[in-house]
There are 2 protein chains.
Amino acid sequence: MIKKTSLKDIAHEAGVSIALVSYVLNGKNTKRINVETAEKIKQIAKALNYQPNQIAKSLKSNKTYTLGLIVADISNFFYSYIAGHIEDEANRFGYNVLFGSAYEDPKRFQKLLDVMLARQVDALILAIPDGAEDSLNTIKDSGVPFVLIDREFPEFGELNSIVLDNYNASASVVRKFASLGCRKVAAIGLESNLFHLQERSRGFTEIAEQILGPSTGKVYNLSEGSLPDKIQPLIKQILEEEQVDGICCFTNKIAMATLPLLLSLKVQVPKEITIICYDEVEAYKLFPYPMSFVRQPLEEMSKEAVRYLLGQDKHKVMGVRKFEAVLIDMQGYS
Amino acid sequence: MIKKTSLKDIAHEAGVSIALVSYVLNGKNTKRINVETAEKIKQIAKALNYQPNQIAKSLKSNKTYTLGLIVADISNFFYSYIAGHIEDEANRFGYNVLFGSAYEDPKRFQKLLDVMLARQVDALILAIPDGAEDSLNTIKDSGVPFVLIDREFPEFGELNSIVLDNYNASASVVRKFASLGCRKVAAIGLESNLFHLQERSRGFTEIAEQILGPSTGKVYNLSEGSLPDKIQPLIKQILEEEQVDGICCFTNKIAMATLPLLLSLKVQVPKEITIICYDEVEAYKLFPYPMSFVRQPLEEMSKEAVRYLLGQDKHKVMGVRKFEAVLIDMQGYS
DNA sequence: CTGAAAGCGCTTACAG
DNA sequence: CTGAAAGCGCTTACAG
């Protein structure tokens, strides 16, 4: 019960060599093997409930059929949704997924990365934190195929990256605001050097300037940790002092801090303020007022990452692949 | 860059045996080794950026430092939250987590299980689906330490399980309804033989009978797939024909189908109906009316599972450990 | 048609 | 103080 059966056990039982058992069970050199011997071996393997030891296989083949996935936080729906689709697609290729959350901490990220490389993962899908550019060297030096997801680092050349076209997404957010009659909008973002967030800001400000006029699209950045404390004064400031009539939340975390606040402050949505958020969460279904959100094609993006890594093309350079967002309108129930 | 450095490389470079390098790098037999040789070896290891191959280590040691986690659906917050805490705690023990979603499908579950066992995971944390009792034999025969999470199978003896005290949780739900003045309540559950769901039903019906009177606590079960279609007629029936004044949703999925419906039907909460849901989700923060929910101590439960498996006690039988729920009141913003 | 042998990268009891 | 050797469970070129 504790001892697992190995090729040796089967070989012993069948009175043949280990090599032969290996050939039979793997269906190799199959034509030159005595049919009866083969049958007998298979019988015994089944009877002993043989399960090949993947560790031993991996040592020989240098393939672990394991995909390493490092996200910011698996308990954030954005990443768990991605993780689910990555797993599904990986399974299709006979792969399993080893995951880790780096919580946007470069040290934790590097540690997870080291562990995954030591475990000889065949490929990596990574949401690299801000400030972990050093880890890029580890990754490149390892020679393990990788794709960055939801992150890009243009200053490091054309790294394989699967990202939203964030500039464009923000542009369509601003256009949506304009079409809903907004005159002056604001966005709440995160204090971060991450390029994809910068792009959100840049698109927001530039397009606001372009279609609503100068200084109509300010972006206010908070640190993730200070959200609970600082979001309320910020919202008040934006609404009262800045006379803004449209707010865009740049992440679902920010949205989940902002929306309850609007409810408790009894701000009239969308009469006083129009709301557009990045990233779909189920929670929006409970928000009683009309709002819109930016949907990333996450399923497609996840699967694309896996297909690239496990398909034919892993040794070609993919470079940066941008996906277009879809803006979704929600009516609310008020 | 592609070729990883091995003990052999270091040994060659240092002009010593592989064994010696292994001893030095693992700090074994350390006192009987020439200090200078040791230093030299360490230098070279560092210079060549040596990372031990875990696969080879595992083959020898029969330890993979991998924890297998099979949940119903990683993209459901309930499980991704658990997964996050399991990972954190596992990391603390030097372990990594291989995960899979079985989507409540016994075949998928068995397949994931087989793969994880073939990969020689050191321990398993499992949310076994309804109808996958056969897999229990695979698990037991493997001899791999395991804990069921959020599931229990009393008909199979005292399997290690970490669960909510679901009977008690439902009891406190009913008491809460009563204290809020409800006279006749109903619950919406899932068509399933899973014991923990049965217990929720049993506690609900029995305690309702006890404190509100006969036939005051019916449970309506829907299949997960039919939720989108059948929830609306069911809610209408419950409200209009059955004259119920309190509804309990037995899972967060059911809650996320029911609550938006109440909004769109403009049902007055809590005037017409009082709502209590199982399992916390962030979304409740956006629900504009007062409601209550059953909070499972998931962090503690997750960590307990890991500690049992990776700590001292893994070869003792843990049996069923029940955790008590906490009922949380939410004011809403209406 | 089948087997002995080498080897994947490590560890460790044993011998010197 | 150090090394040769066996072995973890597999695969596979080679020999017969």
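The figures here come from the full heavy-atom set of this structure, side chains too, leaving out hydrogens, waters and symmetry mates.
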The answer to which of B:K60 and A:I18 contacts DNA chain D further toward the 5' end, by nearest nucleotide, is B:K60
Taking only the side-chain heavy atoms of A:A56 (C-beta and beyond), determine which of C:dA13, C:dG9, D:dC10 contains the nearest atom.
D:dC10
Any donor-acceptor N/O pair, B:S161 side chain to B:L159 backbone, under 3.5 Å:
yes
Looking at A:T37, does any N or O in its side chain come under 4.0 Å of the phosphate oxygens OP1/OP2 on C:dT2?
yes
Compute whether any side-chain donor of one residue and acceptor of the other, for A:S58 and A:Q120, lie under 3.5 angstrom apart.
no
Is the phosphate of D:dG9, meaning OP1 or OP2, less than 4.0 Å from a side-chain N or O of A:Y50?
no
Tell me what A:N26 touches on the nucleic acid: a base, only sugar-phosphate, or nothing, going by heavy atoms under 4.0 Å.
sugar-phosphate
Spacing of CG belonging to B:L25 relative to CG belonging to B:L7, to within rounding of 0.5 Å:
6.5 Å
Please confirm whether the shortest side-chain N or O distance from A:S22 to OP1 or OP2 of D:dT11 is below 4.0 Å.
yes
Searching all strands shown, indicate the nucleotide that pairs with C:dT2 (Watson-Crick or G-U wobble; both distances under 3.5 Å).
D:dA15
Distance check needed: C:dT2 P versus A:L25 CG, whole Å only.
15 Å
Protein-nucleotide distance (A:Q54, atom CD; D:dT11, atom C1'), rounded to Å
13 Å
Measuring to OP1 and OP2 of C:dC8, would you say a side-chain N or O of A:S61 lies under 4.0 angstrom away?
no
Length of the line joining A:D9:CG and D:dC8:C1', which is rounded to integer Å
13 Å
D:dG9, C:dC10, D:dG3: which one has an atom nearest the side-chain heavy atoms of B:V16?
D:dG3
Interatomic spacing from CD in A:E300 to CZ in A:R321 - rounded to 0.5 Å
8.0 Å
Taking atom C1' of D:dC8 as reference, at what distance in whole Å does atom CG of A:L59 sit?
9 Å
If you apply the rule side chain to side chain donor-acceptor pair (under 3.5 Å), what do you find for B:Y79 with B:D73, and how did you get there?
CA-CA 7 Å; B:Y79 289 110; B:D73 180 0; over 6 Å; no
Nearest-Å distance once atom P is located in both D:dA4 and C:dG7:
16 Å
Taking only the side-chain heavy atoms of A:S17 (C-beta and beyond), determine which of C:dG3, C:dG9, D:dC10 contains the nearest atom.
C:dG3
Of B:N53 and A:G15, the one whose closest nucleotide on DNA chain C sits nearer the 5' end is A:G15
Identify, between A:I55 and A:L20, the residue whose nearest nucleotide on DNA chain D lies closer to the 5' end.
A:I55
